[in-house]
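Just so you know, these numbers come straight off a predicted model, no measurement behind them.
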Amino acid sequence: MRVQVRGKNGFVVTDAIADYAEHKLDKVERYFKENLEAFVVCKIYKDHHKVEVTIPTKYYTMRAEVSDDDMY
């Protein structure tokens, strides 16, 4: 699986966060036979952080987002 991690709203993506995202998304890859590409967007706000994950496949698009005080 190819994972593209980028930051918005002034958030700088570190190697640790990119590795963490790749590690978590490796679990999804075993359920699909095709090569997947995942887009991860990390955003920072005044009071919380948000991570959005989008994985387009041949027939549908999987999308998830979560907000919390901690990026991990």
Would you compute the distance between atom [atom1] of [X] and atom [atom2] of [Y] and round it to the nearest 0.5 angstrom?
X	Y	atom1	atom2	result
Asp26	Lys24	CG	NZ	11.0 Å
Asp70	His49	CG	NE2	7.5 Å
Asn35	Lys58	CG	NZ	13.5 Å
Glu22	Glu29	CD	CD	10.5 Å

Self-check item: Residues in ring pair (Phe, Tyr, Trp, His ring centres under 6.0 Å) contact with Phe32, at least two apart in sequence or another chain
Solution: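 None.
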Practice problem: Check whether any side-chain heavy atom of Tyr20 lies under 4.5 Å from a side-chain heavy atom of Ile17, and answer yes or no. | Solution: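 No, every pair of side-chain atoms sits at 4.5 Å or beyond.
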Show me, pair by pair, the donor-acceptor contacts under 3.5 angstrom made by side chains of residues 36-48, not counting sequence neighbours?
unit_1: Glu37; atom_1: OE2; unit_2: Arg2; atom_2: NH2; d: 2.7
unit_1: Glu37; atom_1: OE2; unit_2: Gln4; atom_2: NE2; d: 3.0
unit_1: Lys43; atom_1: NZ; unit_2: Glu52; atom_2: OE2; d: 3.3

Self-check item: same_hphob_cluster(Tyr31, Ile55) at 4.5 Å side-chain heavy-atom cutoff
Solution: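 Same cluster.
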Self-check item: Asp15 atom CG, neighbour heavy-atom count above 12 within 6.0 Å
Solution: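 For Asp15, atom CG is not crowded (no more than 12 foreign heavy atoms under 6.0 Å).
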Practice problem: Please indicate whether Arg6 has more than 12 foreign heavy atoms, meaning atoms of other residues, nucleotides or ligands, lying under 6.0 Å from its CZ. | Solution: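 No - once you tally the heavy atoms of other residues, nucleotides and ligands closer than 6.0 Å, there are 12 at most.
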Self-check item: Atom of Gly7, atom of Val13 and distance for their closest heavy-atom approach
Solution: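 Heavy atoms of Gly7 and Val13 come nearest at N-CG2, 3.4 Å.
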Quiz item: Residues in side-chain contact (heavy atoms from CB on, under 4.5 Å) with Lys33, at least two apart?
Solution: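 Not a single residue meets the side-chain contact (heavy atoms from CB on, under 4.5 Å) criterion with Lys33.
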